[in-house]
Student: 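Right, I'll just put the structure down here and ask away after.
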Amino acid sequence: MPQRVMLEGAGPGAQVPAHLTRVPISLIGTDTDYSDKTVKGKVVRKGPLVSLASDNFILKTVIEEEDSPPKASSQNPSINVVLFGALAEDFSQAVNQGDLVVASGFTVGRSPTFNKDKLHPFNLLLSGDDACVYVSRPPPPPDPRSPPASRRSSEVPKTKAPKYTYSRLDNLKAGSVVNTYGVVVFFKQPFKSRGTDLCSTLKITDQSNQRVGCTVFCEKLEDHPKVFQVGDIVRLHRVKVRIFNNSVTLLNTFGFSVLAFDGAEGGSMEPRTSSRSFHLDQEDRRTVEELRSWTTSQGLLPPVPTTPLSAAQPKAYFDLTCQLLAKAPIDSSCTLLRVWDGTRCAHTLLKVMVEQNVTEGPSSFSQARESLIASVLVYDNHVESAEQLKPGDFLRIYNLRAISGSSKVPGRSQSEGEGVDHLLFHLHGGTAYGRGIRVLPENSQDVQELKRVMEAVPEEAEDDFSEQDDSLPMEVWSTPPESPVAETTESSTERSCGHDTQPVTLSELKRSDPGRVHHVRVQLRSYEPRRLHQALKLYCSKCTKMQDVPDDELVAGLFSEASQDPEPCTFPWWALSGRVLRSGDSSTFPRRSPSVHLSTQLLCVDKARELVFLMGSTLEETCRLAAGYQNIVPVMSSGGHMTLLDLSAPFLFRGRKRYYGCKRCSEVAVREPSIGVELIDEKIVAEALGVQLLQFVLLMKLELQDATDTLDVFLWRGAESFFGVSAEDVAANQEAQNRIRQTMDSLCPAGGSAGERPWMDLCLTAYRAEVEAGHNQTCYQIFQSTVTKPASTPSDGSTPTG
DNA sequence: GTTTAGGGTTAG
């Protein structure tokens, strides 16, 4: 089915020119001129679009040959393709995994990731005007969201980006289907319509000052706008303009999609959406920024998103951000939610008593915690949404009403101090004033803030989860595990936690509430990732985001981009500059020799070699030079000044170790570090450069089993002590990687039966976390447990045990 | 190729 991207057969100019001849992927090498050649393959992996400084991009993809002649090897040949600049941007927008692509105008380089991915010893590099990609897409199924318009026309048949145009709210033609941006001035959370769908209501505005109602009907909750407060910004695609009651309204239509953004200036640019293939470019970000500053100038943003319990007043309506601790049905039209937000209400909170054994979550808490817990009675239509909630969820309840405790409540209310100054809360039936409940994603700023407040609650109010619920059957906590082996059987791990908790079976553990610590005796059934280098991640302690370690192909591309076409550069006054003489090898890309810049201050104290700034070198050269200098900071010229490379590349090389910075949290400025007598290390360099240092961490998912059940658990914060290696060492040396490999092989021998897997004594914590957008789940992590019996170490460290 | 709702407090 023809698309507006450069599809083969979509029209003149879209065809691969006839004079080009195709080369099989398996024959790609460096000794050929590829100017009249093409390579064809299916996109089997499409990396993220990585933005570099000054509006430049890089993207890595893997294509696989589908129709290569049958060969001895069963696997189809595949190759890494690295795209630069506008081509990378267009490719990111126009091409999907599974598309068939033909590349031409490429050069061939050595693949720096070949040792790791074993794909192909060479890669294809596409940059400049000659490079282009022809795309064909397997015909069905048709995509209803096919882009409506194409970007600038170009002679060069490279992929064309689909381009959306956005209508202002004062320029909507009845009957047309439009895309638009707006600031939310009123909203209702999705509620059940009388038809088949959930219905959301929005009212949005923009710089035209028009206010336009918008109704969204979708069956699935996740397809609805994720609007959490007035002032949020939405980007709507494919809404139909209609007139109702002489006013313009918008209604979702086929191919509808929506992104929502925080409306505050300086807020996150991360859009909230369930759409897996949305596109967001520089222009979109600019539009959001413009709407944010306009919103601020108009005073549209509420000063505080919601009212804390500490400020709740009788009879007032307000929105509450809180955590659900427990819930219980009262009758068919009323459910009790027990919630807290870490603040103390100025009025005593009324506790609604319920029947025994109907409470989901603990039925009582420590006295200190009880005094902070509010009773929320939700009625009628909200009973159904309350059914979806789980204890531990973070909620926003809209249009909650504070009721003085003297009011009559269902169930029995605590008698002490009856009637005076006790508060409880009602969520009345209906959706007027946006009344409703929404689960907030765990990563949202508001939830992070809520958690900070809760964590600051004094200790005596904090031990609630260790306060045992008397109604819980005792055997849950005292029965020995139904392990097929006796307690005396050796364990290959050891707990160091010091908790005085009896081991439980996995099925018992699964029935317990989150927030507890458990001891288990289990075997390892399986684990992910199987390719252990993928267990290594980068973690930012500031924004708490985790990311993959960029692979060498991508990093090499960044170095190569940074050193092409060097601009004239003014070096900082404190830097002493010189050149590195290249060793003889001829590079694929002719380039100036790299330049080095030293701190004069360090030179004065004879520490010049301890820190050098290096400009114009390849990744390979930088690694070589890292052997001779303690700290190497790769730099480039941007706008005539010395700056760091894009933060997807390491900002510092120390021997074999590389250090990365957080893109979100760093404010980069190349400065001379202030020196004292101390050793210059990654922390000092990061601080001087305004880089928020990312930490290497290990993250694995283990599937545990015992006689009763299986359980997926994470090994993350406890991973280094579990394996007895540091993640930083794993990133830099093979021995540390082997140690993990051997440990996993010993705990879960390849092809081994359950009988061959050793038993492990582990300490687990259970907690609530968001696993998908808006969906919280109980997760488990291994803590304070150490492998005591790794497999016997073979003399050759690289050979797996078996 | 479009039913549902189309904002504006329950009344416990």
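Order of the sequence lines sets the chain letters (A, B, ...), proteins ahead of strands, with each chain counted from 1.
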Student: Determine whether a donor-acceptor pair (one donor, one acceptor, N or O, separation below 3.5 Å) exists between the side chain of A:Lys203 and the base of B:dG7.
Tutor: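 When only heavy-atom distances are counted, A:Lys203 does reach the base of B:dG7 through a donor-acceptor pair under 3.5 Å.
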
Student: Measure from NE2 on A:His382 to P on B:dT10 and round the result to the nearest Å.
Tutor: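 Rounded to whole Å, this separation is 11 Å.
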
Student: Under 4.0 Å, heavy atoms only, any strand: does A:Arg435 hit a base, just the sugar-phosphate, or nothing?
Tutor: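 Touches a base.
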
Student: Pick base, sugar-phosphate or nothing for A:Asn245, based on heavy-atom distances below 4.0 Å to the nucleic acid.
Tutor: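 Nothing: the residue A:Asn245, judged by heavy atoms under 4.0 Å, touches no strand.
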
Student: For B:dG7, is chi within 90° of 0 (syn) or not (anti)?
Tutor: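 This nucleotide is in anti.
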
Student: Is the centre of the A:Tyr433 ring less than 6.0 Å from the centre of the A:Phe186 ring?
Tutor: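 Ring-ring flag for A:Tyr433/A:Phe186: false, centres at least 6.0 Å apart.
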
Student: To the nearest Å, give me how far apart CD (A:Gln189) and C1' (B:dG7) are.
Tutor: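 In whole Å, B:dG7 C1' lies 14 Å from A:Gln189 CD.
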
Student: Any chance the rings of A:Phe256 and A:His224 have centres within less than 6.0 Å?
Tutor: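 No, ring centres 6.0 Å or more apart.
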
Student: Counting side-chain heavy atoms from CB outward, which of B:dA5, B:dT9, B:dG1 is closest to A:Phe254?
Tutor: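 Among B:dA5, B:dT9, B:dG1, the one nearest the side chain of A:Phe254 is B:dG1.
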
Student: Grab the CG-P distance between A:Leu427 and B:dT10 for me, whole Å please.
Tutor: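 Atom-to-atom, A:Leu427 to B:dT10, this comes out as 12 Å.
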
Student: Are any of the side-chain nitrogens in A:Asp99 or A:Lys42 under 4.0 Å away from the carboxylate oxygens of its partner?
Tutor: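 No, A:Asp99 and A:Lys42 are not salt-bridged.
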
Student: Provide, to the nearest angstrom, the distance between the CG atom belonging to A:Asp223 and the C1' atom belonging to B:dT2.
Tutor: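 Answer to the nearest Å: 16 Å.
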
Student: Starting at the 5' end of DNA chain B and moving along, which residue's nearest nucleotide shows up first, A:Asp380 or A:Thr196?
Tutor: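 Per heavy-atom nearest nucleotide, the more 5' residue is A:Thr196.
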
Student: OP1 or OP2 of B:dA5 versus the side-chain N and O atoms of A:Arg194: is any pair under 4.0 Å?
Tutor: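 Answer is yes, contact under 4.0 Å.
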
Student: Just wondering, do A:Phe217 and B:dA5 stack (centres under 5.5 Å, planes under 30°)?
Tutor: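 No.
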
Student: When the ring planes of A:Tyr398 and A:Phe187 are compared, do they come out parallel, tilted or perpendicular, using 30° and 60° as the limits?
Tutor: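 Geometry flag for A:Phe187 against A:Tyr398: perpendicular rings.
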
Student: When all nucleic acid strands are considered with a 4.0 Å heavy-atom cut-off, which category describes A:Gly429: base, sugar-phosphate, or nothing?
Tutor: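 Base: the residue A:Gly429, judged by heavy atoms under 4.0 Å, touches a nucleobase.
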
Student: Find the distance A:His224:NE2 to B:dT4:C1' and express it as a whole number of Å.
Tutor: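 That distance rounds to 11 Å.
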
Student: Separation of A:Phe256 atom CZ from B:dG1 atom P, in whole Å?
Tutor: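 Nearest whole value for this atom pair: 21 Å.
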
Student: Does the plane of the ring in A:Tyr379 sit parallel, tilted or perpendicular to the ring in A:His426? Use 30° and 60° as the thresholds.
Tutor: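 Ring orientation of A:Tyr379 relative to A:His426: perpendicular.
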
Student: When you measure from the side chain of A:Phe244, which nucleotide among B:dT9, B:dG6, B:dT10 comes out closest?
Tutor: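 From the listed options, B:dG6 comes nearest.
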
Student: Is the phosphate of B:dG6, meaning OP1 or OP2, less than 4.0 Å from a side-chain N or O of A:Lys188?
Tutor: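 Checking B:dG6 against A:Lys188, a side-chain N or O does come within under 4.0 Å of OP1 or OP2.
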
Student: What interatomic distance, in whole Å, is found between C1' of B:dT2 and the corresponding atom of B:dG6?
Tutor: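 Each nucleotide's C1' atom is 15 Å from the other's.
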
Student: What nucleotide, of B:dT2, B:dA5, B:dT9, holds the atom closest to the side chain of A:Lys240?
Tutor: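 Out of B:dT2, B:dA5, B:dT9, the nucleotide with an atom closest to A:Lys240's side chain is B:dT2.
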
Student: Once you round it to whole Å, what is the distance between P of B:dT10 and CG of A:Asn381?
Tutor: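 Nearest whole value for this atom pair: 12 Å.
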
Student: Between P on B:dG12 and CD1 on A:Ile403, what's the gap in Å once rounded to a whole number?
Tutor: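 It is 9 Å, rounded to the nearest whole Å.
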
Student: Looking at A:Asn171 and A:Arg168, would you say the former's side chain and the latter's main chain have a donor-acceptor pair under 3.5 Å?
Tutor: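 Not a single qualifying donor-acceptor pair exists.
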
Student: Less than 5.5 Å between centroids and less than 30° between ring planes, does A:Tyr379 satisfy that with B:dG12?
Tutor: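 Here A:Tyr379 meets both the 5.5 Å and the 30° conditions.
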
